[in-house]
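The structure appears below as structure tokens.
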Number of protein chains: 2
Amino acid sequence: MKITAKVEYAVLAIFELALSPEDRQVQAREIAERQRIPLRFLEQILIQLKKGGLVKSVRGASGGYLLARGPAMIRLKDVMEAVEGELTLVDRTVAPGSIVSTVFSEIESELLDRLQSVTIQDLVVRKLRDDGIASYQI
Amino acid sequence: MKITAKVEYAVLAIFELALSPEDRQVQAREIAERQRIPLRFLEQILIQLKKGGLVKSVRGASGGYLLARGPAMIRLKDVMEAVEGELTLVDRTVAPGSIVSTVFSEIESELLDRLQSVTIQDLVVRKLRDDGIASYQI
DNA sequence: TACTATTCCTATCTTTTTGGTAGGTTTTAT
DNA sequence: ATAAAACCTACCAAAAAGATAGGAATAGTA
């Protein structure tokens with residue numbers, strides 16, 4: 001795989017939702033401004049995240065988005081898959097069955113496991129800790 | 001990063017050189033036929049591998065390529081870098097300094113370490129073992 | 001009811017990357 | 001001399017990435 005701008009935008013958006021109070025929808029416009037994401041592009045990403053079951057939306061004026069479940073239940077891999085489809089390091093191998101291909105597959109699996117191991121909650125916790133440390137330094 | 005066809009071709013080519021007797025050059029044409037790689041494309045890849053210091057070449061009629069050092073001294077990461085330049089999971093992050101970007105960087109480092117941990121010798125050993133097992137099954 | 005702000009759907013567009021091809025030069029064994 | 005190989009440079013087509021655009025559906029509010 002490759003962490004494209006789109007994937008990073010998706011994670012940033014989910015992260016932004018995780019940081020804002022539960023049950024209070026956040027508008028695409030807000031996220032776009034805070035994270036410097038092109039609004040029309042972000043809209044498409046949010047729709048994909050919705051289809052992937054990661055966010056809920058409220059339509060109409062003063063609508064917005066919320067997480068569909070708690071940040072501890074959302075993994076980095078989920079978010080990436082929602083916008084990228086199946087995650088692969090090797091798209092279509094050129095020598096199927098070869099040892100080279102096998103080894104790449106093994107490494108791919110390990111990478112996926114790693115992405116699975118990180119939750120959005122983890123990111124939030126780390127941010128709070130980082131901000132805490134930063135505030136001591138003033 | 002992403003394991004492109006080009007990268008896989010490069011590893012397959014190096015692997016092919018590792019399998020053939022030392023100090024006996026192998027022609028691009030041979031590698032191309034054995035691994036089903038478009039010859040003209042492979043030629044370019046071999047030149048990059050040479051510039052990367054991984055292979056030596058013998059020019060002129062009945063020339064060819066050899067590994068520049070033993071397979072145990074060549075790592076998967078070396079081969080990939082020779083043809084792809086610097087390996088990155090996140091090309092240019094969209095939110096530098098953010099926790100999201102930091103976590104992706106950490107995972108990238110781990111992936112690079114993993115690619116560093118595999119040598120071409122490892123691939124050769126595994127192939128011999130696999131072939132051994134296969135031959136028992138006849 | 002009209003207006004406005006928002007989500008949502010579909011299409012299009014531009015740039016970059018990928019995966020080659022092509023023509024020709026240099027080198028060397030025979 | 002010839003042929004076969006490495007090597008160099010340029011080009012090209014398809015796919016992916018990164019948006020932008022037009023407008024429909026929905027809902028809060030004056």
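Keep in mind that what you see is a predicted model, and the values were worked out from it rather than measured. Letters go in sequence order (proteins before strands), and every chain restarts at 1.
Nearest heavy-atom pair across A/Arg40 and A/Glu43 is NE-OE1, 3.3 Å.
Residues A/Leu17 and A/Leu66 form no side-chain contact, since every pair of their non-hydrogen atoms from C-beta on lies 4.5 Å or further apart.
Between B/Arg126 and B/Asp122, none of the side-chain N atoms (NZ, or NE/NH1/NH2) sits under 4.0 Å from a carboxylate O, so this pair counts as no salt bridge. Salt bridge annotation for A/Arg114-A/Glu110: absent, with no cationic side-chain nitrogen under 4.0 angstrom from a carboxylate oxygen. Using a cut-off of 4.0 Å between Lys/Arg side-chain N and Asp/Glu carboxylate O, A/Glu22 and A/Lys56 are scored as not salt-bridged.
Of the candidate nucleotides C/dT7, D/dA19, D/dA4, C/dT7 has the atom nearest to the side chain of A/Ala28. Distance from the side chain of B/Ile47 is smallest to D/dC8 among D/dC8, D/dA10, C/dG19. Nearest nucleotide to the B/Ser57 side chain, out of D/dC7, D/dG18, C/dT18: D/dC7. Listed nucleotides D/dC7, D/dA17, D/dG18 differ in distance to B/Glu43; the shortest reach to its side chain belongs to D/dC7. Of the candidates D/dA3, C/dG19, C/dT6, C/dG19 carries the atom nearest the B/Lys6 side chain, counting heavy atoms from C-beta on. When distances run from any side-chain atom of A/Arg40 to the nucleotides C/dA29, D/dG23, D/dC7, the shortest one goes to D/dG23. Taking every side-chain heavy atom of B/Ser62 into account, C/dA29 is the closest of C/dA29, D/dA5, D/dG28. Listed nucleotides C/dC8, D/dG28, D/dA19 differ in distance to A/Tyr65; the shortest reach to its side chain belongs to C/dC8.
The shortest distance between the side-chain N/O atoms of A/Lys50 and the OP1/OP2 oxygens of C/dT7 is not below 4.0 Å.
In this structure, A/Gln25 places its CD atom 12 Å from C1' of C/dT7, rounding to the nearest Å. Here C/dC8 presents its C1' atom at 14 Å from CG of A/Leu49, a figure rounded to the nearest Å. The distance from atom CD of B/Gln48 to atom C1' of D/dC8 is 13 Å, rounded to the nearest whole Å. Rounding to whole angstrom units, CD1 of residue A/Ile45 and P of D/dG18 are separated by 10 Å. For the pair B/Leu46 CG and D/dC8 P, the interatomic distance rounds to 12 Å; values are reported in whole Å. The distance from atom CZ of A/Phe41 to atom C1' of C/dT10 is 16 Å, rounded to the nearest whole Å. As a whole-Å value, the separation of A/Glu30 CD from C/dT6 C1' is 12 Å. At whole-Å resolution of the value, CG in B/Leu42 and C1' in C/dG19 are 13 Å apart.
Within a 6.0 Å radius of CZ in B/Arg69, other residues, nucleotides and ligands contribute more than 12 heavy atoms.
Nearest-nucleotide assignment on DNA chain C puts the 5′-proximal partner with A/Gly63, out of B/Thr4 and A/Gly63. Residues A/Ala61 and A/Val94 both approach DNA chain C. Their nearest nucleotides, taken by heavy-atom distance, put A/Ala61 toward the 5′ side. Map A/Gly60 and B/Lys2 each onto its nearest nucleotide of DNA chain D; the residue landing nearer the 5' end is B/Lys2.
Interface remark: the B/Gln44 side chain does form a donor-acceptor pair with the C/dT21 base, using a distance-only criterion of under 3.5 Å. A donor and an acceptor atom sit less than 3.5 Å apart, one in the side chain of A/Arg59 and one in the base of C/dT7.
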